[in-house]
Each structure stands twice: as C-alpha cells, then as structure tokens.
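Notes to accompany the following structure.
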Amino acid sequence: MTAPAGLAALLTAAARDRPDAAVTILPRGRIHRAGATSFRATTYAELDRRSDAIAAGLTAIGIGPGVRTALMVPPNEDFFALAFALQRAAAVPVLIDPGIGLASLRTCLREVGPAAFIGVPRAHAARRLLRWCPGAHRLVTVGLRLPGGGPTLRSVERTGMGRLPFVAPPATSGTAAIAFTSGSTGVPKGVEYRHEQLLAQVAMIRELYGVEPGEVSLSTFAPFALLGPALGVTTVIPRMDPTRPADVDPRRVVDAANTFGATMMFGSPALLDTVGRWAEAAGGEMPTLRRVISAGAPVTPAVQRRFLAMLGPAAQVHTPYGATEALPVTSIGSDEVLGLTELGICVGRPAPGVDLAIVPITEDPLPAIGDTRLLPTGEIGEIVVRGPNVTLGYADRPAATALAKTDWDGSVAHRMGDLGYLDDLGRLWFCGRKAHRVTTAEGVMFSVPCEAVFDAHPAVRRSALVGVGPAGSQRPVICIELERPPGGRPVARPVARPLPPSGARPELTRELLALAAAHPSTATIGTVLYHRGFPVDIRHNAKIDRQALARWAARRLR
C-alpha cells in the first residue's frame, strides 16, 4: 500500500499510536449549552478510516491526482475528513475564506479554475446562481442532495468503503493545497503549498511552543485547526462564526476551554480582546491554558495583560509573525513583550530554520538578495525571509510571484511586503506594511512607530496613520479609535461596511498633538480625526484597513 503524504501521513501515524484519543471535539446541534453535551468527539481512528474511505470514493469519481478542488465547507467533521481525504487522493484543495465577499470569491475561483467543487448546498446554490467554476464538472454536495450538485458526500463515502484498502496514488503535481490570502492589504492571491512546507510548519510550531501529543487545543481559526491532527493534539472548536472572531460570545470560548481542559489556544487578537474585556468585567477564568498563540495582527500589551489575567501564573501569550506565504517567521512571548520599554512592536526572533534580511525599500522586482545591500541594525527597510516553510509562488500569477519572490544564495525567499528593523539582540521590530508608509514633503513616515506614540495615551484604544493627497506631498493624519468602557463590546467593521462620521474632542486633541510634538517621528502630524470603529479585515477582524481610512479622512477634510 502506498503511504499517504504530508499532513495525511502524520494523521495516519497518530491514529496508529493513539487510535481511541479524540482528534476533534466540535459543536453539535443548533443551540449551545454549557458543558460537554453541546459537543461531539471524533477519535483519531475514526477520522483516519473515514478520510481513507472518502479518498477512495473521490478517486472513483475523478477527483484524484492534481485535480484542483474548491472546498467550501464550514469547519465541522466533514471539513476535517475531506481535507485529509483530498490530500490522500493527491488532489489539490483550494481554500478561500468566504468572508472576502461574493465578488472576490468569484474572482479567486475564476483565477485558479477548479475542475472539482465540493460544498454545502448553499455553496452549490451560489455556484449555480453566480456562475462560479464553469469548468468544475466533478461535484460533491455535503449535506442533502441538491439537483445539479453531484453525489452527496455520504454516497461518495459509501462507494469508497467498498474500495478499501485505499492505495494512495502518486501525486502528479508538487502542489499540496492552494490557500488564498485574505486580500486585506491587496488583491487575494492563491498561495501554492507543497507537502514539505506544510510539514515544516508543523515541525516549527511543535518546536517553538513545545506542543506535545495528547494536549487539548482550543482553536478559533479553521486553517490552524487543520494542523491539530498533524500535531497529535485534540482540537476543540467553540460555537462561533469563524468569519467574525471579534463578535464571539466569550462565555462559549471559556466554557469550551474549561470543559475539556484546554492547554493551548489559537485566536486572533480581536478575539483575545473581546474575551479579555468580558473577563475583566465578569471575572472569567481559563486556568488550564498554558500557552495562547495569537496572529494576524499585532497584539498590544494591554490586550495581553487583560487576557493573561484569566490564566494561571505560568501561562504566556505568544505572538508569531508571518503571512500566508510564510508562517511562522518569528515569535515572541508575553514575558518578553511586557518587559519592553521601547515604543513599537517587537515580533521576536526568527523561528527555527528561518533567516531574515532587511533590504532597502523598493517597489521593483528583486531578482536576488545579492543585487542589493543588507541594511545595518536599527535601520528600517523591507523584510525578506527564507526557510523550509516559505512557499514558492502564487497559483497562475507569474507576475505577482516574480515581484514577491527573490533568490537568496540559491533558495527562494519571500518579500513580506512589511517594513521593520533588527535590534542588537537579533529581534525583529515590525514597522507596518510597505503600502502603508506615508510620504510627505518632509520625508517618509512609518505607520507602526508613529501609531505607538498615540497608542500610549490611556484614552486611545488604537490609532492609524494615513496620508491624504498625492505620494510625495501627503498630509499625515492620525485616526483615533477611543478606548471602550470595561466590558464594552468591540466594534468589528468589515471593510465592505460604510464608515460612520467622527466627532471633535478639542481637549483630547490638544493632548495628542502635544504627544506628537514630543517625538521626532510624529512632529509633523497636525491633524487628528476620531472614528467610532476602524474598518478591519474579514479573517482576523484585527488588521486595520488603512486604505479605507485614508479615503474616509480625505472626505472629512474636504
């Protein structure tokens, strides 16, 4: 029998070692009730057998080696079984966040041209109505049979049961999966993953955070949850809308963690903020959690302190830095973050096997690192990374690949599109997106270092630097979102929603401008605007959409 590859091989090994251990514990039914009755557990042996049967059934209907397959299923038992089945069948799952909007979804699907489509009835209805994937002639419906939706997953699974044992076919493509970026800072792009990059991610996460088989992981982000079976842990997912982590019900998160004794957790900074604020007012605790991993945007010290107050004295919040194209790149723990006195965002030291370079900022292609000079310690430039987890390119986007990738001594390196600098201890300090720098007549201003000056004011929840006007003579404007009262609900505004007006606060404005004047990096800022709730990305509800804010600021200043 041919052995499965990549993450599927790790699942098979874990099922052999711990067949009766729970691999996933997921919500069941439509109503949440406190305690274990609201969840259903699946064992490693069950997931392993089921993914084998589904792989055999998919292969029988032509979803096999190299077939790009759109997978539009929520993070339930079927999602996990299908994700590993597609890997075993050597097909190429195409993963797109549904929160990016119908128009962007259609663009992404048209770009990669899946030959197969697996989705819930609602996804199939959208496919037919909006004419998604016209070339997808191999269809599977997850749920009740739908006219024009192909066979149901249950029938595919039954067919596969009669074809066991399944012999994994050799892959005809080096691509193991295509995962689209969120598009929060540009056009969504399909990142091509190979098996070796997925395995490198698993190995790095295990080494960075000391993850041991048998641990219980509370995951609120589906892509990270998929790594759980490969890590040999039990993955618990609370009942929530994964596209709106900022709006999560904190009680459900805390109940899931405490009911099953979660020792680790993954959540966006917005989710940590929501849960931490609730706990500050209501007194919630999660004493079994030892490590919390939060990514997608910077996690401020205030958010870390509030969340840590819920945990035991030895617990830490870890904030890895990276992107869909390369993750993790660096990581830092709250013990170190909360001891820093410098303004700014330190994202830590490189992950095992990852190399970092800081190069001069340019919008042009960079064929090789050797074609430019590396910047010295303390100088802000563009972040470039290489390592076993760095992806090689984008699906069907050669121009974007050429712009984002470079050669570093014979290895493919990724230009992060971010700015930063290295300190004397080899730590990386994040200074914002390259696209978010403001170019004034006096010089270049970097978003994160400027915002850190204003974020230090107790009345400020977060700030955002934007430029109004043409590049080279932009007017720097600082947008302010005010702190909420204890226990206040967050304002999660996806980028597609209209932005509300702001109100003047003369006394606070004077205080903020005085802060600005005291720092050379912000001394030229003379305009403060107040916003009720910044527009944020769909995936994490944490990345500020500065382009939308800049358009709003321009309208306000006319």
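Not measured: the values here are computed from a predicted model.
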Euclidean distance, Asp247 CG relative to Met240 CE, rounded to 0.5 Å: 9.5 Å
Look at Lys434 together with Glu382 and state whether they make a salt bridge at an N to O cut-off of under 4.0 Å. yes
Could you verify whether a donor N or O on one side chain and an acceptor N or O on the other, from Asp355 and Trp408, lie under 3.5 Å apart? no
Nearest-0.5 Å distance, CZ of residue Arg291 to OG of residue Ser334: 12.5 Å
Is it the case that Thr527 and Arg475 place a side-chain donor and acceptor less than 3.5 Å from each other? yes
Does CD belonging to Glu342 count more than 12 external heavy atoms closer than 6.0 Å? yes
May I ask you to decide if Gly472's main-chain N or O and Thr439's side chain share a donor-acceptor pair within less than 3.5 Å? yes
Asp455 and Arg461 ion-paired at < 4.0 Å: no
Positive for side chain to side chain contact (heavy atoms under 4.5 Å, CB included) with Met265, one of Leu289, Val236, Ile293: Leu289
Is any side-chain heavy atom of Phe454 closer than 4.5 Å to a side-chain heavy atom of Thr522? yes
Taking the side chain as every heavy atom from C-beta outward, state whether Lys405 and Glu325 have any pair of such atoms under 4.5 Å apart. yes
If the threshold is 4.0 Å, N to carboxylate O, is there a salt bridge linking Asp273 and Arg306? yes
Could you check if a side-chain atom of Leu465 sits within less than 4.5 angstrom of a side-chain atom of Met445, using non-hydrogen atoms only? yes
OG1 on Thr377 to CG on Asp423, rounded to 0.5 Å: 7.5 Å
Ser217 side chain to Thr235 backbone, donor-acceptor under 3.5 Å: no
Is there side-chain contact between Arg415 and Leu366, with at least one heavy-atom pair below 4.5 Å? yes
Where does the angle between the aromatic ring planes of Trp552 and His531 fall among parallel (under 30°), tilted (30 to 60°) and perpendicular (over 60°)? perpendicular
Side-chain contact test, heavy atoms from C-beta onward, threshold under 4.5 Å: evaluate it for Leu374 versus Ile358 and give yes or no. no
Measuring from Arg349:CZ to Leu208:CG, what's the distance to the nearest 0.5 Å? 12.5 Å
Is the ring pair Tyr394/His414 parallel, tilted or perpendicular, if the boundaries are 30 and 60 degrees? perpendicular
Hey, what do you get for CD (Glu511) to CZ (Arg505), rounding to the nearest 0.5 Å? 13.0 Å
Find the distance between CD1 (Ile96) and OG1 (Thr107) and round it off to the nearest 0.5 Å. 10.0 Å
With a sphere of 6.0 Å drawn around CZ of Arg251, does it hold more than 12 non-hydrogen atoms of other residues, nucleotides or ligands? no
